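Everything numeric in this text was worked out from a predicted model, so none of it was measured.
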Amino acid sequence: MAALLPHRAGDLSPLEVLAQGPHSFTTDGRLMTQLLRVPSERLVSGPLGARLEVVVLDSSGRRENQVLGDGDWGARDLGIPNPEDLPRDRRFLAQQAYGVAADTLESVERALGRRMGWASAGRLRLYANDPIDYRNTGYTRSDCSIRFGLIEDSRHAEKLPLVLYRDLVAHEVAHAVIDGYRPRWADALAGADQLALHEALADLLAMLGVFTAVPVVEGIIAGQLKASGATLESIDSTLLASGLFRFADNLFSRGGAGRSPMSGSPPADWRSDTEPHRRAAGAVHAVLGTVLRLWRAELGRPGRRASVYQVAAAGSRIGERLLNMLLRGLAYMPPVDVLWEDLLRGILAADAVVVPRDEHNYRGTLRACFAEVGIVAGADGTLDGLFGLGELNYPVRLSALVSDSDEVLRFIWDNPRLMDAAKLDPAGRIVLDRVRPSQRISPDGFAVSEIEVSFVQELRLDAAAARKRGLRSRSAVVLRGGGLLRFDEGGRLAFSALKPVLDVQRQQELLDGAADARLAARRIGASLFHPAAETQPHGR
């Protein structure tokens, strides 16, 4: 046997997957596919890698190990089966699950400049064809798994595994990634806004992930032009949105999609809806609306409509830029009680660090689209959250600040202004969740290095102590807050996002809103499709 070449960081393996789902075809009748290039790793039978494991069941319900490689570095692509064979080609089910999951994970890591872990130690396990109803498809934190169910479909002789829909896989993997990064956004104390934010981010990562592939966008636009009779000169935002931003397209009867966020305006009361997907509607609409507005402006330039490819390439570039802005914004959001305003502020602040000159008005357009759904952030000069902190003490050593939580605790303790701003209880325990360096590359080629720190404080009060603090409560309560701090390359605080612990008004609002959180689905991803989005599934 010939000697194997050494494996190196950055090596990629090509894997072909369904670009949307098993019922999405090109204008010439071929399945719409996409060739992903996922990070190479040593794959063994399963497939089983360093952080991902795919479980495929045979016809009797027993696990059947599939091989994507030969015990060698990287996955090996064996192509796409015929459309009628998709539900029973178990090797391809493994390829689809592993390829999309690895690609989704890599896109987040590339944007944030570091590895992302799971909420539970070990691997994320994906059950590619679990014999559960499709409505129960979802991510579960307790065993760090995602189960993809089956749906009755008259277009196939057997039930169809949902893993064949690329955006559904990306959506659930996004839940797992976010849950590992910010576990308190969806724990027992999380509010309805935090659960809805989870759904918004998972939807956006899934839909924009599909949108960044130029051949896929080109194929969808060509199909829309053919069906509508429109020309490249007459193409508008409505036509662009009608086929591109449809979650789980063609899953339901008469071409119905799981969700069509750009089919109309979000309802006026979207922020008070207790169903997480509907409560996410405004933010999803704002981000996708930003893509369409910037795209329309780009197509208004001379010569930008010369071909379908050129139109698609322009949109994909914008979509990829917005996706990276969104992902980088995660690192500028607080670890607890995150709100829609925190999402917008995080995106704007993170992008300003990497791209100081917003020459194409990405941030301005994003602000405008968010404002239209009622979400606003402060002026650019206030986004860093440092107002009122004044001159800070730095009794720390930069070399230790990068990785030592005790060094960070000393920084917080030795800065009373910071303690006061976060309204921390000096006698309470401060928990350091994360101390990590990050590095991102800006468009001008320079590396932007920062140190991210997140901390949390929880105070458990009985009813009498809560009332003494000024809270209206007849039972024991948990007050929680904390913050995110980002230090620049010189070890100076450059950004803060604080959630004050002993802020009576804030805590009372959280207690008053707890009922909404109880009405919302407590398990993130537990209800993948909200009832208003579903049409009758294909029956056999």
Side-chain angles (χ1 to χ4, degrees), residues 4-19 33-56 66-80 91-126 128 139 144-146 163 166-167 169-181 202 205-206 208-216 316 320 323-324 326-328 330-331 436-441 447:
L4 297 175
L5 293 175
H7 173 60
R8 299 166 299 180
D11 287 349
L12 301 174
S13 298
L15 276 182
E16 192 173 15
V17 301
L18 299 183
T33 65
Q34 181 183 358
L35 188 66
L36 302 178
R37 298 189 179 276
V38 302
S40 296
E41 63 170 336
R42 188 170 68 88
L43 274 180
V44 299
S45 178
L48 181 70
R51 291 185 293 163
L52 296 171
E53 176 183 7
V54 179
V55 175
V56 181
Q66 301 296 325
V67 179
L68 295 188
D70 298 316
D72 197 355
W73 295 111
R76 186 162 55 93
D77 185 4
L78 291 184
I80 306 278
R91 188 197 181 281
F92 179 71
L93 296 182
Q95 180 168 312
Q96 175 86 0
Y98 177 83
V100 177
D103 180 72
T104 303
L105 176 60
E106 191 270 340
S107 69
V108 180
E109 292 183 338
R110 185 175 63 249
L112 292 180
R114 62 168 168 272
R115 298 290 186 201
M116 306 297 290
W118 311 117
S120 302
R123 299 178 177 89
L124 175 66
R125 180 176 295 168
L126 300 97
Y139 161 71
C144 198
S145 70
I146 301 173
V163 78
R166 175 190 167 165
D167 45 11
V169 180
H171 176 99
E172 295 302 334
V173 173
H175 273 311
V177 173
I178 297 166
D179 195 37
Y181 186 54
L205 264 64
L208 289 177
V210 173
F211 187 69
T212 56
V214 177
V216 175
S316 290
E320 185 170 16
L323 175 60
N324 285 327
L326 177 70
L327 292 173
R328 288 196 297 265
L330 293 177
R436 285 192 180 174
S438 67
Q439 189 172 74
R440 290 155 293 154
I441 305 300

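For Leu327 against Leu112, the heavy-atom pair with the smallest separation is O-CD2, 3.1 Å. In plain terms, the two heavy atoms of Ala75 and Tyr98 that are nearest each other are CB-CE2, 4.4 Å. When every heavy atom of Gln96 is checked against every heavy atom of Val17, the shortest pair comes out as OE1-CB, 3.2 Å. Shown here for Glu16 and Phe92, the closest heavy-atom pair between the two residues is O-CE1, 3.7 Å. Here the closest heavy-atom approach between residue Gln34 and residue Ala213 is recorded as NE2-CB, 3.1 Å. Annotation for Tyr181 and Leu330: closest pair CE2-O, 3.7 Å, computed over non-hydrogen atoms.
Within the 4.5 Å cutoff, no side-chain heavy atoms of Arg166 are placed close to those of Val216. The shortest side-chain heavy-atom distance between Arg125 and Val55 falls under the 4.5 Å cut-off. Within the 4.5 Å cutoff, the side chain of Arg91 has no heavy atoms near those of the Val67 side chain. Put simply, the side chain of Val100 does not reach to within 4.5 Å of the side chain of Val173, judged on heavy atoms. Using a 4.5 Å heavy-atom threshold, the side chains of Leu35 and Asp77 count as touching.
A distance-only check finds no donor-acceptor pair linking the side chain of Ser145 to the backbone of Tyr139 [under 3.5 Å]. The closest donor-acceptor contact from the side chain of Glu320 to the backbone of Thr212 lies at 3.5 Å or more, if one exists at all.
For the side-chain contact (heavy atoms from CB on, under 4.5 Å) criterion with Val177, the lone passing option out of Leu205, Val108, Leu124 is Val108. Exactly one of Leu48, Leu52, Val54 qualifies for a side-chain contact (heavy atoms from CB on, under 4.5 Å) with Arg123. That residue is Leu48.
Summarising the geometry, atom CZ belonging to Arg37 is positioned 9.5 Å from atom OG belonging to Ser13; distances are rounded to the nearest 0.5 Å. In this structure, CZ on Arg328 lies 11.0 Å from CZ on Arg110, to the nearest 0.5 angstrom. One distance of note links CG of Leu43 with CD of Glu53; it measures 11.5 Å at 0.5 Å rounding. Here the SG atom belonging to Cys144 is positioned 8.5 Å from the CG atom belonging to Asp179, to the nearest 0.5 angstrom. One distance of note links CD1 of Ile80 with CD of Gln95; it measures 6.0 Å at 0.5 Å rounding. The CD atom of Glu106 sits 10.0 Å away from the CG atom of Leu36 when rounded to the nearest 0.5 Å.
For Arg51, the salt bridge (Lys or Arg N to Asp or Glu O under 4.0 Å) test picks out Glu109, with sequence neighbours left out. Applying the side chain to side chain donor-acceptor pair (under 3.5 Å) criterion to Ser107, with sequence neighbours excluded, gives no partner residue.
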